[in-house]
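The block underneath contains the structure these notes are about, expressed in structure tokens.
The chains referred to below are lettered A, B, ... by the order of the sequence lines, with proteins before strands, and numbering in each begins at 1. What you see is a predicted model; the values in this text were computed from it and never measured.
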Number of protein chains: 2
Amino acid sequence: MDIAQLSDRILNADRRALARAITLVESARADHRAQADELLSSLNKSGRQALRIGMSGTPGVGKSTFIETFGMMLVGKGLRVAVLAVDPSSARSGGSILGDKTRMERLSREPAAFIRPSPSQTHLGGVARRTRDAVALCEAAGYDVVLIETVGVGQSETVVSELSDLFMLLLAPAGGDELQGVKRGIMEIADMILVNKADGDLKSTATRTCADYAGALRLLRKRPQDPEGFPKALTVSAVEATGLDTAWAEIQALAEWRRQSGHWDRNRAAQAQYWFAEEVRQALLARLDTPWAKSRMTELSAEVAKGVQTPQAAARDLLTGLGVTNR
Amino acid sequence: MDIAQLSDRILNADRRALARAITLVESARADHRAQADELLSSLNKSGRQALRIGMSGTPGVGKSTFIETFGMMLVGKGLRVAVLAVDPSSARSGGSILGDKTRMERLSREPAAFIRPSPSQTHLGGVARRTRDAVALCEAAGYDVVLIETVGVGQSETVVSELSDLFMLLLAPAGGDELQGVKRGIMEIADMILVNKADGDLKSTATRTCADYAGALRLLRKRPQDPEGFPKALTVSAVEATGLDTAWAEIQALAEWRRQSGHWDRNRAAQAQYWFAEEVRQALLARLDTPWAKSRMTELSAEVAKGVQTPQAAARDLLTGLGVTNR
């Protein structure tokens, strides 16, 4: 593969080249990894930056409809929009590509939009590292906004927040004690809560739900990266396309404040350092990925769970088997 | 050191032997680590279990007074109580021992109580692993309750929750918009919120604060380990020793429900597996602890932050230097 040529085509916003490059960075083959690193280093020089928006929402909240309507609004404003996904549970078949394009039918037909499903790997860490590469490729291809959505399986929201400039949480209206449970820990990373379905019969419920979440947000400690009034809770309706302009204005205001105050650059620098350390750590921990190590670790872990061995003794046993004596 | 004799003395509740054993497990010397592993494996056979209570509280909330009063109440009920601390910022001098005993003057004089300050290591991971060993030693010495307190620096509450059967958060009363910020993510691990200082002028404020936190807890997703009504918010007064009996009754009810439902054993087994994996991971990552690796990592991390190198290229550079080629 001619990496210099691929790099040029991406810089010229060639969507087929972009799709091909994402396939390259997702490959686990050693020669592909080396080519991917070369491509990313080459494109790194472009200095182009998109607004990276992380997004999560519980199933049934209308996330696809929201992304479609929100994405169409941005395209209508003359912006180019990429949609990526982090879903460690996604099937390995090609089916999810069709799925993603089907559920965002109008957006997928827009020349200014690019939609790519989650890389199909079983480990969240691997999915996230390869999605980070895909974000960098979309930025080099000149997209203005990169939406990174996740279904919120396990730690995926935390990981997506390490890929994003800001993080939105999409929630559904709920009454009184039926208030849907927000996953513990998610409040930690939300910059904005959007209560969807603020239309028809649910409109007043959505307004009350929004006030409840605003109250819960006020109970949390203020973070340095939050200007006055953030994190914020707003109501939107994806089907009626209302509240989206306000949400976009708030997103831009937050992004602008963070750019001016230096938090944007500091966050990007800290994220790059996080992913550097993560690449190093994962390479060192790869010694546990051999069939022998996996099987021995499973055996020892079962003994530890039963209380037959202490964690310390079991660790010493495994490490001796791996030839590691630097405890 | 005669490990068999030390083991026997600990099983016979000899406090001096317990203190000596904790010093042994805190040592970084390779021969001490081997002796510590032998001691822990030997004591593991006792099968004794304490109720491990993790605890955090913001400075000024009255945590020392609470632990002293709560501990004295437990001692009054005929229970033996150990108090351990996880504080990665604690000074390396022996001063903090005096500090801990001074701030819990009555409890430290009780023959049924054992107070030990945080091990003095700079890394939270190291502090936590050695505190876990100390918890195991206290259990073997027959303590009924082990209180593990933390100041809530960085991730220390999450780590303490991996050492505990249940986790309490001690908060101060606060009015209206002055509500103190609860660290984001802490709600994830709290089994019980105690609003302290429910006495004198602050009594009604404490009641209102407690109701606010109860409302915030209801907005969070229910966890499998929570019986009906948990996590719970209660008011207490450490100086007047009120509400402590109720808090203890709730703790016992929660612990009993978890024992009956199997969550207790499952949690302990999962924690042991967590610490086994953690011991293994830390040993593999110890390759980064050499002076060369640290200095090279710092250099590369600075380049990554400036955007001069991609995280991937920098990682490849460091790993090549370490002779690791299994990416």
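Judged by distance alone, the side chain of A:Gln273 and the main-chain N or O of B:Ser301 form a donor-acceptor pair under 3.5 Å. Although no hydrogens or angles enter the test, the distance criterion places a donor-acceptor pair under 3.5 Å between the side chain of B:Asn44 and the main chain of A:Gly307.
Heavy atoms of A:Gln271 lying under 4.5 Å from chain B are absent altogether. Heavy atoms closer than 4.5 Å to chain B are found nowhere in A:Ala36, neither backbone nor side chain. Heavy atoms of A:Arg132 lying under 4.5 Å from chain B belong exclusively to its side chain. In this structure, chain A has heavy atoms under 4.5 Å from both the backbone and the side chain of B:Leu40. Using a 4.5 Å cut-off between heavy atoms, A:Ala277 contacts chain B through both its backbone and its side chain. At a 4.5 Å heavy-atom cutoff, B:Glu303 makes no contact with chain A through either its backbone or its side chain. Interface residue B:Ala302: only backbone heavy atoms are found under 4.5 Å from chain A.
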Steps toward side chain to side chain contact (heavy atoms under 4.5 Å, CB included) verdict (B:Gln309, A:Phe276): CA-CA 10 Å; B:Gln309 281 219 58; A:Phe276 161 57; over 6 Å; no
Yes or no on side chain to side chain contact (heavy atoms under 4.5 Å, CB included) for B:Arg33 and A:Gln312, after CA distance, side-chain angles and deciding distance? CA-CA 9 Å; B:Arg33 287 301 320 147; A:Gln312 294 82 352; 4.2 Å; yes
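Note: B:Asp37 CG to A:Arg316 CZ = 4.5 Å, rounded to the nearest 0.5 Å. The OG1 atom of A:Thr310 lies 8.5 Å from the CD atom of B:Glu279; values are rounded to the nearest 0.5 Å.
The two residues A:Ala283 and B:Leu319 come nearest to each other via the heavy atoms CB-CD1, 3.4 Å.
Interface summary for chain B: among A:Gly47, A:Ala136, A:Ser41, A:Ala216, the most heavy-atom pairs under 4.5 angstrom belong to A:Ser41.
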